[in-house]
Amino acid sequence: MQLKIYKKSTILLSIVVIVDIISIVLLILNRELWAPYKFQTIFAFVLFLFILSTLYSSYDLFTDQRIIRKAVANGDVALAKINSGTFVRFGRDAKLKNHVYWQLDVEIYDNDMKKIETKIIEKFSTHQTSIPKGYVYVTYVEGKPEDSLIIPNVIISSIPEYQPLVQDYEKALKPKYLNAYINDGLILQTYKDSIDSQKAE
């Protein structure tokens with residue numbers, strides 16, 4: 001899902017740039033038409049550029065968070081076991097912050113404990129230099145396991161309604177959880193590594 005978001009975001013950025021260039025060219029070619037209203041025209045143009053940029057930034061920066069919030073609200077959550085990860089590419093967001101994309105080999109267990117083997121691409125902080133093995137909670141829509149996104153642990157643990165589901169998973173699978181959290185992007189660590197990192201700070 002993250003790579004799909006990145007590709008759509010790149011297309012949107014290209015559209016914004018093209019629209020900006022066309023708008024500037026049209027203003028230059030028709031300056032005699034708007035010259036009597038230059039302040040209003042310039043203000044409208046700047047506002048137009050601001051709105052376009054804001055829409056692009058909103059999509060680029062917050063689409064994954066909106067998907068996660070909607071999935072959690074709808075109960076579209078499952079447990080996933082991460083077996084390995086392969087580096088895909090670096091990327092940069094609307095705030096010019098660098099991220100790294102990893103392809104994860106996962107086994108997703110739906111609410112009926114049915115196992116689905118798939119690969120998902122997730123966007124991480126550049127601090128993520130390798131992928132540990134372990135369990136995380138992910139968004140999950142039946143028939144689209146490759147579109148899953150990792151849910152930060154704090155979200156699941158803060159919602160009491162999910163505790164029965166968590167207990168069912170823990171009874172059936174005895175998962176060894178990873179610590180999934182946000183710090184300049186998503187980070188996955190074993191809890192031992194997380195504790196060691198906190199001690200080192």
Side-chain angles (χ1 to χ4, degrees), residues 1-77 85-104 106 118-129 131 136-152 154-155 158 180-188:
M1 175 59 78
Q2 287 287 9
L3 198 56
K4 291 180 180 179
I5 294 172
Y6 179 77
K7 289 178 179 179
K8 289 181 181 178
S9 180
T10 302
I11 293 171
L12 283 177
L13 179 59
S14 299
I15 292 172
V16 169
V17 171
I18 291 170
V19 170
D20 288 350
I21 293 172
I22 292 173
S23 299
I24 291 171
V25 170
L26 289 175
L27 284 175
I28 292 173
L29 294 177
N30 298 281
R31 43 184 191 275
E32 67 280 355
L33 296 177
W34 57 265
Y37 314 100
K38 61 182 178 180
F39 292 113
Q40 297 94 321
T41 302
I42 291 172
F43 175 78
F45 178 64
V46 171
L47 180 62
F48 173 69
L49 295 184
F50 174 76
I51 291 172
L52 272 184
S53 299
T54 300
L55 291 174
Y56 161 70
S57 296
S58 176
Y59 181 86
D60 185 63
L61 298 173
F62 304 116
T63 295
D64 55 351
Q65 297 175 35
R66 286 191 286 263
I67 292 172
I68 289 173
R69 286 196 299 268
K70 182 178 179 181
V72 170
N74 292 341
D76 297 328
V77 173
T86 305
F87 170 80
V88 177
R89 61 170 298 156
F90 287 103
R92 183 174 292 183
D93 64 21
K95 288 187 175 180
L96 302 182
K97 183 181 293 183
N98 291 320
H99 295 280
V100 60
Y101 292 81
W102 289 81
Q103 178 175 276
L104 309 179
V106 301
T118 190
K119 299 179 188 294
I120 63 174
I121 294 180
E122 186 59 86
K123 179 177 70 174
F124 291 92
S125 164
T126 53
H127 299 298
Q128 192 78 42
T129 57
I131 301 297
V136 294
Y137 286 93
V138 297
T139 64
Y140 173 70
V141 176
E142 188 174 358
K144 297 181 179 180
E146 70 281 356
D147 287 345
S148 298
L149 294 169
I150 294 175
I151 304 171
V154 67
I155 295 178
S158 65
Y181 64 98
I182 303 296
N183 182 14
D184 288 331
L186 181 66
I187 291 182
L188 282 182

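Note that the numbering runs from 1 along the sequence shown for the chain.
Looking only at side-chain heavy atoms (C-beta outward), V141 and D147 stay at 4.5 Å or farther from each other. Side-chain contact between Q2 and D64: present, with at least one pair of heavy atoms (C-beta onward) separated by less than 4.5 Å. Taking the side chain as every heavy atom from C-beta outward, Q128 and L188 approach each other to under 4.5 Å. At a threshold of 4.5 Å between non-hydrogen side-chain atoms, the residues F48 and V19 count as touching. Side-chain contact between R89 and L3 is present, with at least one heavy-atom pair separated by less than 4.5 Å. Contact annotation: the side chain of T118 approaches that of V106 to within less than 4.5 Å [non-hydrogen atoms, C-beta and beyond].
By the side chain to side chain donor-acceptor pair (under 3.5 Å) test, D76 is found to be paired with no residue, residues two or more places apart in sequence or in another chain being considered. Residues passing the ring pair (Phe, Tyr, Trp, His ring centres under 6.0 Å) test with F90 are F87, sequence neighbours excluded. Applying the salt bridge (charged side-chain N to carboxylate O under 4.0 Å, His left out) rule to K97 yields the partners D184; only residues at least two apart in sequence or on another chain are considered.
The shortest heavy-atom contact between P152 and I68 is CD-CD1, 4.5 Å. V72 and V77 get closest at one heavy-atom pair: CA-CG2, 4.0 Å. The minimum heavy-atom distance linking S148 with P145 is given by the pair OG-O, 2.8 Å. Considering all non-hydrogen atoms of both residues, V100 and S125 come closest at CG1-O, 3.2 Å. Here the closest non-hydrogen pair linking V136 and A180 is CG1-CB, 4.4 Å.
To the nearest 0.5 Å, atoms CD1 (I150) and CD1 (I120) are separated by 5.0 Å. Within the model, atoms CG of L186 and CD of E122 stand 5.0 Å from one another, a figure rounded to the nearest 0.5 Å. The distance from atom CD1 of I15 to atom CG of L52, rounded to the nearest 0.5 Å, is 10.0 Å. Here CH2 of W102 is found 7.0 Å from OG1 of T129. Values are rounded to the nearest 0.5 Å. Note: I11 CD1 to K7 NZ = 9.0 Å, rounded to the nearest 0.5 Å. One finds the NE2 atom of H99 at 4.0 Å from the CG atom of D93 (value rounded to the nearest 0.5 Å).
Residue I22 forms a side chain to side chain contact (heavy atoms under 4.5 Å, CB included) with just one option from D20, I24, I18, V25, and that option is I18.
Residue pairs meeting the side chain to side chain donor-acceptor pair (under 3.5 Å) criterion with at least one partner in residues 43-62, sequence neighbours excluded, are S9-D60, S58-R66. Residue pairs meeting the salt bridge (Lys or Arg N to Asp or Glu O under 4.0 Å) criterion with at least one partner in residues 25-51, sequence neighbours excluded, do not occur; the list is empty. Sorted by first and then second residue, the ring-ring contact (aromatic ring centres under 6.0 Å, His included) pairs with a member in residues 5-44 read Y6-Y101; sequence neighbours excluded.
Other residues, nucleotides and ligands place more than 12 heavy atoms under 6.0 Å from the CD atom of Q65.
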